[in-house]
Number of protein chains: 2
Amino acid sequence: MSRLCHIYPILMVRIDESWIFIMMPVKILMVEDEAAIREMVCFTITQAGYQVFEAGCVADARIAIADSVPDLILLDWMLPDVSGIEYARTLKKEEMTRHIPIIMLTARGDELDKIRGLDMGADDYITKPFSVKELQARIKAVLRRTSPLLTEDVIDIDGLRLDISSHRVTANDTSLEMGPTEFRLLHFFMTHAERVFSRGQLLDRVWGGNVYIDERTVDVHIRRLRKALESEHYDRYVQTVRGSGYRFSTKV
Amino acid sequence: MSRLCHIYPILMVRIDESWIFIMMPVKILMVEDEAAIREMVCFTITQAGYQVFEAGCVADARIAIADSVPDLILLDWMLPDVSGIEYARTLKKEEMTRHIPIIMLTARGDELDKIRGLDMGADDYITKPFSVKELQARIKAVLRRTSPLLTEDVIDIDGLRLDISSHRVTANDTSLEMGPTEFRLLHFFMTHAERVFSRGQLLDRVWGGNVYIDERTVDVHIRRLRKALESEHYDRYVQTVRGSGYRFSTKV
DNA sequence: GTTTGATGTCACGACTTTGTCACATCTATC
DNA sequence: GATAGATGTGACAAAGTCGTGACATCAAAC
């Protein structure tokens, strides 16, 4: 049990006396300088079953994202170094981060219209102070709108079907055999299709982070995944992006 | 009585002067903050032969579900922390819980349409106050509709037949001998086919939970079950999913 | 009291998975 | 086309996972 937690991306949430385990958790990055709000938000979204990591300023956020791409960013608009608005624009322009949904946190309601007017590409806005319920609701709504596959039990992309509850991968009704790591890797790819991930980011999201593994190991597992998919010619979906990493894509 | 209830998922129900034993009871989680209603519903559905566990709020419900996945959830729509509607939506999106049928409890009839309009994925609705018989009927109906095998007395999957009342397993009219634990294990598998269960989950559902047993014991009983099934070549339905657990499946 | 059958634990061996490495192949650039 | 850097590929040892038979214990039945 403890071993699993180290090796696999399982989130353990302690609530009172018992532990909850979450497979392949959704990662949320919170960028906020006020420690009090950070703590409150952190608690809230951990309770809701997400994995959170925090940054107090844009510089820290950049470092955090380089290590691990989040599935959603909560971004305060007043930050010590760069304004949240500017940073959101930057994120939406860069290839690596443009797909990540952003929820902006604003201090007062009357700023909301001003910020909205600036249109820096955020997917939703929430004004402080907000209730726990409101935040959870907005996170869920944004994730459902922008990344519907994240919470699906059966993911079917162009005939390649991954079923989590029966732990099976089928291609045009042919069952495909693969190891646990390849299964997790494919799951991550299918829930994050059309996006490029570096080896380090894949190690973080598929292997669970905090693991010191040679990045070239990812290459080998990519190879094994391709081998598992090649009998039904789905290996062409696992694409190499030279100099950057890998991508799962149905195009080309 | 107390020992039986702890070690095995056997429910003892007293009717008049005699005890009735129910194998592998259906687990129902009730989420409701009013203690009076909770008590009444608890009594009602225990009488009907189900096993109930209660939660006063959504936070408690989460803990309860993490320990043991129920077969049905009775969900009040007004709860202290998160509204029942929101929680129902959450449950229906997460892979672990999406297949669990939900019956919503509403305080007054005139709210019913409003709630129904929100369509949070509940399988049925019932308005307070309700009669004992009505609740029992709806539970039965929902279970029959969503998990037909759970309420069956005889389950037949591809020639493998399990008869609960006569406590017998036959394969193509050949009687198969197995121990009580293997029988319960097979029953659980056949009512939850095509899904992978970890050793911990099997211990919880087949052994009755709250028991500190070495997880490897599950392996041994899987072995005994396979041995019992192998004469008629049904052992191939009991499949190992490396790194995850076991699955009962007619495929491959 | 003895027998019988069921059950949980253990030890051993077979098998699978996994990270690393060495070498082959490819690609961009000069 | 020569070069350097990046990626693909097969092999391997170590670690992990699972199957299997044996055994001690316990409770019920005789």
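Below, all heavy atoms of this structure are taken into account, side chains as well, without hydrogens, waters or symmetry copies. A note on names: the letters A, B, ... follow the listed sequences, proteins ahead of strands, and every chain is numbered from 1.
Rounded to whole Å, atom P of D:dT17 lies 17 Å from atom CZ of A:F183. Distance CD (A:E182) to P (C:dT16): 14 Å, rounded to an integer number of Å. The interatomic distance linking A:I213 (CD1) with C:dT17 (P) rounds to 17 Å, in whole Å. In this structure, CG of B:D219 is placed 17 Å from P of D:dG16, rounded to the nearest angstrom. Note: CG (B:D235) to C1' (D:dG19) measures 13 Å, nearest angstrom. In this structure, B:Q239 places its CD atom 14 Å from P of D:dC18, rounding to the nearest Å. Look at CE on A:M178: it is 17 Å from P on C:dT16, rounded to the nearest Å. A straight line from CG of A:D214 to P of C:dC21 spans 6 Å, rounded to a whole angstrom.
The nearest heavy atom of DNA chain D to A:K227 and to A:V241 marks one nucleotide each, and the one closer to the 5' end goes with A:V241. With the nearest nucleotide of DNA chain D identified for both A:R224 and A:Y246, A:Y246 has the one nearer the 5' end. Map B:H221 and A:V220 each onto its nearest nucleotide of DNA chain C; the residue landing nearer the 5' end is B:H221. Both A:R216 and B:G179 lie near DNA chain C, and the one whose nearest nucleotide falls closer to the 5' end is B:G179.
The pair A:E182-A:R224 fails the salt-bridge criterion, with no side-chain N (NZ, NE, NH1 or NH2) lying under 4.0 Å from an Asp/Glu carboxylate O. Salt bridge annotation for B:R205-B:D71: present, with a cationic side-chain nitrogen under 4.0 angstrom from a carboxylate oxygen. We find that B:R161 and B:D173 are not joined by a salt bridge, their nearest charged nitrogen and carboxylate oxygen being 4.0 Å or further apart. Between B:E230 and B:R236, none of the side-chain N atoms (NZ, or NE/NH1/NH2) sits under 4.0 Å from a carboxylate O, so this pair counts as no salt bridge.
A donor-acceptor pair shorter than 3.5 Å can be found between the side chains of B:Y237 and B:D158. Defined by atom type and a distance below 3.5 Å, a donor-acceptor pair is missing between the side-chain atoms of B:T217 and B:D219. Donor-acceptor pairing under 3.5 Å is recorded for the side chains of A:R226 and A:T240.
Within 4.0 Å of B:E177, counting heavy atoms only, lies no atom of the nucleic acid at all.
Under 4.0 angstrom from either OP1 or OP2 of C:dG19 there lies at least one side-chain N or O belonging to A:W207. At the phosphate of D:dT7, neither OP1 nor OP2 sits under 4.0 Å from any side-chain N or O atom of A:T240. An OP1 or OP2 oxygen of D:dG19 is reached within less than 4.0 angstrom by a side-chain nitrogen or oxygen of B:R226.
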Show each protein N/O and nucleotides 4-6 of chain D N/O combination with a separation under 3.5 Å, one pair to a line.
residue : atom : partner : partner atom : Å
D:dG5   : N2   : A:R242  : NH2          : 2.6

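A cation-pi arrangement, defined by a distance under 6.0 Å to the six-membered ring centre and an angle within 45 degrees of its axis, is present between A:K27 and A:F53.
Aromatic rings of B:F197 and B:F188 (six-membered ring for Trp) have centroids within the 6.0 Å cut-off, being under it. In summary, the aromatic rings of A:H192 and A:F248 are positioned with their centroids too far apart to meet the 6.0 Å limit.
Axis angle, first five pairs versus last five pairs of the helix from C:dG1-D:dC30 to C:dC30-D:dG1: 30°, rounded to 10°.
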